[in-house]
Undergrad: 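Pasting in a structure now, in structure tokens, and then I'll have a few things to ask.
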Amino acid sequence: MSGPTEAVDAVVVGAGIGGLVAAHRLAARGLGVVVLEAAGRAGGPIRGGSFSSLPGVPLDLGAESFAVRGDAVERLAEELGLTVEAPAGLSAWGYAAGRAFPLPAAGVLGIPSRPWAADVRRAIGWPGVLRGSLDRVLPSRFVDTTDLGTFARSRLGSRVADRLVTPVAAGVHSTPLDRLDVAAVAPGLLDAYARTGSLSRAVASLRAAAPPGSAVRGIDGGIHALVNTLVERLDVRLGARVVGVDRTAGNHWLVRTEDGLGLRAPRLVLATHAELAPALSDELAPPPAPERGADIRLVTLLLEAPELDAAPRGSGMLVAPGTTPGEVRAKALTHATAKWPWLARRVHDAVGPGWHVVRLSYGRIGEPTPEPTAEEAARDASALLGVDLTGLVRDSLHQRWDGALPPPTPAYRATIKQFEEAVLAEPSLDVTGGWIAGTGLAAIVGHAGRTAERLGELG
């Protein structure tokens, strides 16, 4: 079926946060932009919701914070009139080798800047401290940077890698430590190592260059407020599946949707992956991913549990895989009302003191992810927080993200880099989104801004 052709200045395919930010930046240059999204909602893995029993309290059902690396996300939030909020000053905890412990404060992805510090010693013991401290005297040539796991072990030893780096890095990226690409998950770390000759010194230099305070921020009302506000300001067409992309005279692009709509534009941004493969020519089609991202399951619990008022395990916990067989399946827990003051205020206003929101995350790359029940999530939360919560669940929310996180592995990053280089040879075409930029709002929003800047400079 064919229909009318509409002329615009730019077409963005995909209304995830990357596509929305690219469209927002292009529109700010005075360009007419249309965003096409095959699904019935925008945002991709950034989504909001609420408990049926507390409909007025917004919750993040995907990303719930952003790294302060750079200022792209904070600037975007301020432009949109949203309030950025720091988390409460509570430590995060780790869970490894069957025990819970506060994560050391001065680190990057669990890699300590001072292996002999007291909070590091509590986590890894004296044997781990002695081995980790050798990093400061070992010649820099004694290193293996194949992946983050071998990098950490070659410089700091197995205890640091298994008890500190694994819970944090593998928990954040849902990928085994030995499959994490260093440049993708820790930007600047390899360069810092080359300068300092020591992994812990490299971490210290990155920490010194970072803004003071917490490494993450949130938004009053939830991260999903970014998506909601962008959609309100842009021409976003939902349920518009792209079935064809062709060149036209004058190096323009003709984008056709399943319902017969045609959009003709001198600029095209591809902000989605698999859905576009059938619509593009062979030289521009995204390559098949060498592996599938992790299938993530999130369970958010509303608990009537005054025992949690004291935040016994800080703002949350990251769990090392394989350390507690049969005890805890969750890979991470966030005590959301302890971490985010804005959420604590809204829950308190709605139901009073003693009520808490706890979120548990399940799923790692290469592993099946059975659907967790609210009862299983409550058992896991009890084990991780050290408080029996099994009879205190008053409501729950379940969210699934199948393959939504790009695998930050060397094979995947190499494939994507090759594709991106081919696309950049086309002056009127660009790609963005998490599948290109990597995991994390800071990476995606920054990448989308650069995409818009490049295409916006076209005559």
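When a residue number appears, it is its place in the shown sequence, counting from 1.
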Undergrad: How far apart are the C-alpha atoms of H224 and R47, what are their side-chain angles, what is the distance that settles it, and do they pass the side-chain contact (heavy atoms from CB on, under 4.5 Å) test?
TA: CA-CA 5 Å; H224 63 277; R47 184 176 184 179; 5.7 Å; no
Undergrad: Look only at the side chain of D119 and the backbone of L103, and say whether a donor-acceptor pair between them is shorter than 3.5 Å.
TA: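 No; zero donor-acceptor contacts below 3.5 Å.
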Undergrad: Starting at OG of S361, measure out to CG of L298 and round the result to the nearest 0.5 Å.
TA: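 S361 atom OG to L298 atom CG measures 5.0 Å (nearest 0.5 Å).
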Undergrad: So, for V328 and A383, which heavy atoms are closest and what is the spacing to 0.1 Å?
TA: CG2-CB, 3.7 Å
Undergrad: Quick one: does D380's side chain have a donor or acceptor within less than 3.5 Å of a partner on A330's backbone?
TA: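 Such a contact is found between D380 side chain and A330 backbone.
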Undergrad: When the aromatic ring centroids of W435 and Y412 are compared, is their separation below 6.0 Å?
TA: no
Undergrad: Just wondering, do P112 and V203 contact through their side chains at under 4.5 Å, heavy atoms?
TA: no
Undergrad: With a 4.5 Å limit on heavy-atom distance, are the side chains of L59 and L397 in contact?
TA: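 They are in contact (side-chain heavy atoms under 4.5 Å apart), so the answer is yes.
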Undergrad: Mind checking the CG-CG spacing from L109 to L148? Nearest 0.5 Å is all I need.
TA: 6.5 Å
Undergrad: Decide whether E420 and H447 meet the rule of one side-chain donor and one side-chain acceptor closer than 3.5 Å.
TA: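 The answer is yes; a qualifying pair exists.
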Undergrad: Under 3.5 Å, is there a donor-acceptor pair linking the side chains of E79 and H24?
TA: yes
Undergrad: Determine whether L301 and L360 make a side-chain contact, defined as any pair of heavy atoms from C-beta on separated by less than 4.5 Å.
TA: yes
Undergrad: Would you please name every residue forming a ring pair (Phe, Tyr, Trp, His ring centres under 6.0 Å) with F66, sequence neighbours left out?
TA: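 Expected list: none.
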Undergrad: Only one of T369, D295, I296 clears side-chain contact (heavy atoms from CB on, under 4.5 Å) with S174; which?
TA: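 Among T369, D295, I296, the one that satisfies the side-chain contact (heavy atoms from CB on, under 4.5 Å) with S174 is I296.
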Undergrad: With side chains defined as the heavy atoms from C-beta onward, is the minimum distance between Q418 and I416 less than 4.5 Å?
TA: no
Undergrad: Which residues pass the salt bridge (charged side-chain N to carboxylate O under 4.0 Å, His left out) test with E371, not counting sequence neighbours?
TA: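 Result, salt bridge (charged side-chain N to carboxylate O under 4.0 Å, His left out) vs E371: R297, R400.
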Undergrad: Would you confirm whether D181, through its side chain, and A184, through its main-chain N or O, come within 3.5 Å as a donor-acceptor pair?
TA: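 Judged by distance alone, yes, a pair lies under 3.5 Å.
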Undergrad: Does the side chain of L308 come within less than 4.5 Å of L303's, by heavy atoms?
TA: yes
Undergrad: Any chance you could measure E64, atom CD, to I46, atom CD1, to the nearest 0.5 Å?
TA: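 Reported to 0.5 Å precision, the distance equals 11.5 Å.
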Undergrad: Is there a donor-acceptor contact under 3.5 Å from the side chain of R413 to the main chain of I436?
TA: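 Yes, because the side chain of R413 sits within donor-acceptor range (under 3.5 Å) of the backbone of I436.
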Undergrad: Which heavy-atom pair separates L238 from A42 by the least distance, and what is that distance?
TA: CD2-N, 3.9 Å
Undergrad: When you check the gap from the basic side-chain N to the acidic O, do R329 and E376 get nearer than 4.0 Å?
TA: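 E376 and R329: salt-bridged.
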Undergrad: Say you draw a straight line from CG of L36 to OG1 of T272; how long is it, rounded to the nearest 0.5 Å?
TA: 11.0 Å
Undergrad: Do S53 and D395 have side-chain atoms, one donor and one acceptor, less than 3.5 Å apart?
TA: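 Yes, because at least one side-chain N or O of S53 sits under 3.5 Å from a partner of the opposite role on D395.
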Undergrad: Between E37 (side chain only) and A15 (backbone N and O only), is there a donor and an acceptor less than 3.5 Å apart?
TA: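 Checking the backbone N and O of A15 against the side chain of E37, a donor-acceptor pair under 3.5 Å is found.
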Undergrad: Judged by atom type as modelled, is there a donor-acceptor pair below 3.5 Å linking the side chain of R313 to the main-chain atoms of W93?
TA: no
Undergrad: Closer than 3.5 angstrom, by distance alone: can the side chain of E304 be matched with the main-chain N or O of V393 as a donor-acceptor pair?
TA: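 No; judged by distance alone, with no hydrogens or angles, the pair does not exist.
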Undergrad: Begin from the C-alpha positions of L333 and Y95 and carry the test side-chain contact (heavy atoms from CB on, under 4.5 Å) through to its verdict.
TA: CA-CA 10 Å; L333 175 148; Y95 196 91; over 6 Å; no
Undergrad: If you take all heavy atoms of T432 and G18, which pair is closest and at what distance?
TA: CG2-O, 3.8 Å
Undergrad: Determine whether R345 and D220 make a side-chain contact, defined as any pair of heavy atoms from C-beta on separated by less than 4.5 Å.
TA: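 The answer is yes; the side chains approach within 4.5 Å.
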Undergrad: Flag the pair R454 and D430 as a salt bridge only when some basic side-chain nitrogen lies within less than 4.0 angstrom of an acidic carboxylate oxygen.
TA: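 D430 and R454: salt-bridged.
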Undergrad: What's the verdict on side-chain hydrogen bond (donor to acceptor under 3.5 Å, both in side chains) for H335 and S315, showing C-alpha distance, side-chain angles and the deciding distance?
TA: CA-CA 5 Å; H335 186 171; S315 61; over 6 Å; no
Undergrad: Between T451 (side chain) and A22 (backbone), is there a donor-acceptor pair under 3.5 Å?
TA: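 Between the backbone of A22 and the side chain of T451 there is no qualifying donor-acceptor contact (under 3.5 Å).
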Undergrad: Side chain of D60, backbone of I223: donor and acceptor closer than 3.5 Å?
TA: yes
Undergrad: Calculate, to the nearest 0.5 Å, the distance between atoms CG and CZ belonging to L189 and F151 respectively.
TA: 5.0 Å
Undergrad: Show your reasoning for whether side-chain contact (heavy atoms from CB on, under 4.5 Å) applies to L180 and H173.
TA: CA-CA 8 Å; L180 290 174; H173 295 284; 3.8 Å; yes
Undergrad: For the CG atom of L26 and the CZ atom of R267, what is their distance to the nearest 0.5 Å?
TA: 7.5 Å
Undergrad: Quick one: do R379 and D388 make a salt bridge, cutoff under 4.0 Å?
TA: no
Undergrad: Answer yes or no: is there a donor N or O on one side and an acceptor on the other, between the side chain of R41 and the main chain of G44, under 3.5 Å?
TA: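 Yes, the answer is positive, given that a donor and an acceptor are paired below the 3.5 Å cut-off.
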Undergrad: Please tell me if the side chains of S50 and P58 come closer than 4.5 Å, counting only heavy atoms from C-beta onward.
TA: no
Undergrad: Please report the shortest heavy-atom distance between V165 and A152, naming the atom on each side.
TA: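 Heavy-atom minimum between the residues: CG2-CB, 4.2 Å.
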Undergrad: If the threshold is 4.0 Å, N to carboxylate O, is there a salt bridge linking R247 and E426?
TA: yes
Undergrad: Might you point out which heavy atoms bring V216 and P87 nearest each other, and give the distance in Å?
TA: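 Looking at all heavy atoms of both residues, the shortest contact is O-CD, 3.3 Å.
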Undergrad: Compare every heavy atom of L392 with every heavy atom of A305, then report the nearest pair and how far apart it is.
TA: CB-CD1, 3.8 Å
Undergrad: Quick one, L82 and T229 - any side-chain contact, counting heavy atoms below 4.5 Å?
TA: yes
Undergrad: Under the criterion side-chain contact (heavy atoms from CB on, under 4.5 Å), I'd like the reasoning laid out for L261 against R256: C-alpha separation, chi angles, the key distance, then a yes or no.
TA: CA-CA 6 Å; L261 173 68; R256 291 174 285 107; over 6 Å; no
